[in-house]
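In the text below, chain A, chain B and the rest are named by the order of the sequence lines, each starting its count at 1. These numbers come from a predicted model, not from an experiment.
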Amino acid sequence: MRTLASPPRTEQELLHNAGQLTGKSLLQVASELGLQVPVDQKRAKGWVGEMIEVYLGATASSLPEPDFQNIGVELKTLPLNHLGKPKETTFVCTVSLNENAGRTWEDSVVRHKLNRVLWVPVEAGVDIALPHRRIGSPFIWSPDPDQEAALRIDWQELMDMIAMGEIERINSQQGRYLQIRPKAANASILSQTTKENGQHSMTLPRGFYLRTSFTESLLLMQIEN
DNA sequence: ACCTGATCATCT
DNA sequence: AGATGATCAGGT
């Protein structure tokens with residue numbers, strides 16, 4: 001999908017544009033953009049996110065950059081189940097498996113990605129057909145000091161293990177809010193890891209994901225304010 | 001090859 | 001209903 005809308009010049013403009021999505025169905029938005037709604041998401045897993053990027057004029061699709069480069073905002077859709085709670089974890093970024101010496105939380109990709117996020121809640125219960133799913137109220141978020149501290153602890157624990165060459169010992173149950181899980185086209189894909197001592201080995205590519213308990217807390221904080 | 005956008009499929 | 005490992009499509 002190519003971008004049609006012009007990129008927002010300010011965060012305020014972005015938030016205003018995103019607000020126009022509130023209450024609309026995916027079919028409505030697709031129609032406005034002249035797009036077809038896929039029959040299902042089995043072969044279109046990123047479709048909702050990509051369509052909203054188009055609607056909002058995101059500029060960095062497929063690039064390792066914030067979606068709205070000029071204003072430093074990352075866009076994330078947040079799929080909600082029939083109870084209004086996050087249905088899936090949220091992918092943050094690929095886990096760097098080598099050249100991690102001296103890398104700190106402060107200059108980590110995770111922190112940069114999550115520094116400023118536009119969350120767009122979208123109905124995702126399987127009981128609602130894709131075209132009829134509605135978009136909720138988008139909101140902009142930055143980690144508060146408690147959230148950032150918690151994420152930093154998770155990140156540090158996981159990256160320490162990777163630096164020690166213990167990637168194979170990491171499982172998805174580690175990390176209070178941030179977990180590491182596979183992120184690959186299939187389970188036979190391999191990418192290179194480098195340990196502290198410079199030794200190499202091959203392993204399945206992994207990604208950082210935010211647990212649903214974390215994104216649920218963002219929704220709850222949003223309702224309070 | 002590896003990033004982006006994520007959800008699917010299965011098990012508990 | 002939630003969690004986890006596996007997977008799909010498109011761009012650079």
Among residues at least two apart in sequence or on other chains, which ones pass side chain to side chain contact (heavy atoms under 4.5 Å, CB included) with [X]?
X: Ser25(A); value: Leu27(A), Gln28(A)
X: Glu106(A); value: Thr104(A), Arg111(A)
X: Met161(A); value: Glu166(A), Arg169(A), Ile170(A), Gln174(A)
X: Ser172(A); value: Gln179(A), Arg181(A)

Result block: side-chain N/O donor-acceptor pairs under 3.5 angstrom for residues 32-45 of chain A, not counting sequence neighbours:
| residue | atom | partner | partner atom | Å |
| --- | --- | --- | --- | --- |
| Glu32(A) | OE2 | Lys24(A) | NZ | 2.9 |
| Asp40(A) | OD1 | Lys42(A) | N | 2.9 |
| Gln41(A) | OE1 | Arg133(A) | NH1 | 3.2 |

Give the residues of residues 125-134 of chain A touching DNA chain B, defined as any heavy atom closer than 4.0 Å, sorted by residue number.
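Within this stretch, nothing sits under 4.0 Å of the strand.
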For residues 87-94 of chain A, which residues have at least one heavy atom under 4.0 Å from DNA chain B?
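Going residue by residue through residues 87-94 of chain A, the ones with a heavy atom under 4.0 Å of DNA chain B turn out to be Lys87(A), Glu88(A), Thr89(A), Phe91(A), Thr94(A).
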Expressed in angstrom and rounded to an integer, what is the separation of [X] atom [atom1] from [N] atom [atom2]?
X: Arg211(A); N: dG5(C); atom1: CZ; atom2: C1'; result: 14 Å
X: Leu78(A); N: dT7(B); atom1: CG; atom2: P; result: 9 Å
X: Leu204(A); N: dA1(B); atom1: CG; atom2: P; result: 14 Å
X: Phe208(A); N: dG5(C); atom1: CZ; atom2: P; result: 15 Å
X: Gln69(A); N: dT12(C); atom1: CD; atom2: P; result: 12 Å
X: Glu50(A); N: dT7(B); atom1: CD; atom2: P; result: 11 Å

Single hit among Val95(A), Thr193(A), Ile162(A) for side-chain contact (heavy atoms from CB on, under 4.5 Å) with Arg206(A)
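Exactly one option meets the side-chain contact (heavy atoms from CB on, under 4.5 Å) with Arg206(A), and it is Val95(A).
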List the residues meeting salt bridge (charged side-chain N to carboxylate O under 4.0 Å, His left out) with Lys76(A), not counting sequence neighbours, and say none if there are none.
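Once residues adjacent in sequence are excluded, the partners of Lys76(A) under the salt bridge (charged side-chain N to carboxylate O under 4.0 Å, His left out) criterion are Glu74(A).
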Under the salt bridge (charged side-chain N to carboxylate O under 4.0 Å, His left out) test, residues paired with Arg176(A) that sit two or more places apart
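Listed in chain order: nothing, the list is empty.
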Let me know, please, whether Ser191(A) or Gly49(A) comes out on the 5' side of the other along DNA chain B by nearest nucleotide.
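The 5'-side residue here is Ser191(A).
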Neighbours of DNA chain C within residues 182-190 of chain A, by heavy-atom distance under 4.0 Å:
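By residue number: Pro182(A), Lys183(A), Ala184(A), Ala185(A), Asn186(A), Ala187(A).
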Any residue in residues 160-181 of chain A with a heavy atom nearer than 4.0 angstrom to DNA chain C? Just list them by number, or reply none.
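Result for residues 160-181 of chain A: Ser172(A), Gln173(A), Gln179(A), Arg181(A), sorted by number.
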Are any non-hydrogen side-chain atoms of [X] and [Y] less than 4.5 angstrom apart?
X: Tyr209(A); Y: Leu178(A); value: no
X: Asp154(A); Y: Phe208(A); value: no
X: Val109(A); Y: Cys93(A); value: yes

What does Pro205(A) touch in the nucleic acid at a heavy-atom separation under 4.0 angstrom: a base, only the sugar-phosphate, or nothing?
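No contact.
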Pick the closest DNA chain C nucleotide for Tyr209(A) and for Leu83(A) by heavy atoms, then say which residue is nearer the 5' end.
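Whichever sits nearer the 5' end wins; that is Leu83(A).
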Given that Ser213(A) and Lys45(A) both sit by DNA chain C, which one's nearest nucleotide is further toward the 5' end?
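On the 5' side of the pair lies Ser213(A).
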Of the listed nucleotides dA3(C), dG2(C), dT12(C), the one nearest the side chain of Thr212(A)
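For Thr212(A), the side-chain atoms sit closest to dA3(C).
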Where the side chain of Leu63(A) is defined as all heavy atoms beyond and including C-beta, which of dA1(C), dA9(C), dT12(C) is the nearest nucleotide?
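So the nucleotide nearest the side chain must be dT12(C).
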Is there a side-chain polar atom (N or O) of Asn81(A) under 4.0 Å from OP1 or OP2 of dA1(C)?
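Checking Asn81(A) against dA1(C): no side-chain N or O falls below 4.0 Å of OP1 or OP2.
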Give the table of side-chain donor-acceptor pairs shorter than 3.5 Å for residues 134-149 of chain A, with sequence neighbours excluded, one pair per line with atom names and distance.
| residue | atom | partner | partner atom | Å |
| --- | --- | --- | --- | --- |
| Arg134(A) | NE | Glu123(A) | OE1 | 3.3 |
| Arg134(A) | NE | Glu123(A) | OE2 | 3.3 |
| Arg134(A) | NH2 | Glu123(A) | OE2 | 2.6 |
| Trp141(A) | NE1 | Gln147(A) | OE1 | 3.1 |
| Ser142(A) | OG | Asn115(A) | O | 2.8 |
| Ser142(A) | OG | Arg116(A) | NH1 | 2.7 |
| Asp144(A) | OD1 | Asp146(A) | N | 3.0 |
| Asp144(A) | OD1 | Gln147(A) | N | 2.7 |
| Gln147(A) | OE1 | Asp144(A) | N | 2.9 |
| Glu148(A) | OE2 | Trp105(A) | NE1 | 3.0 |

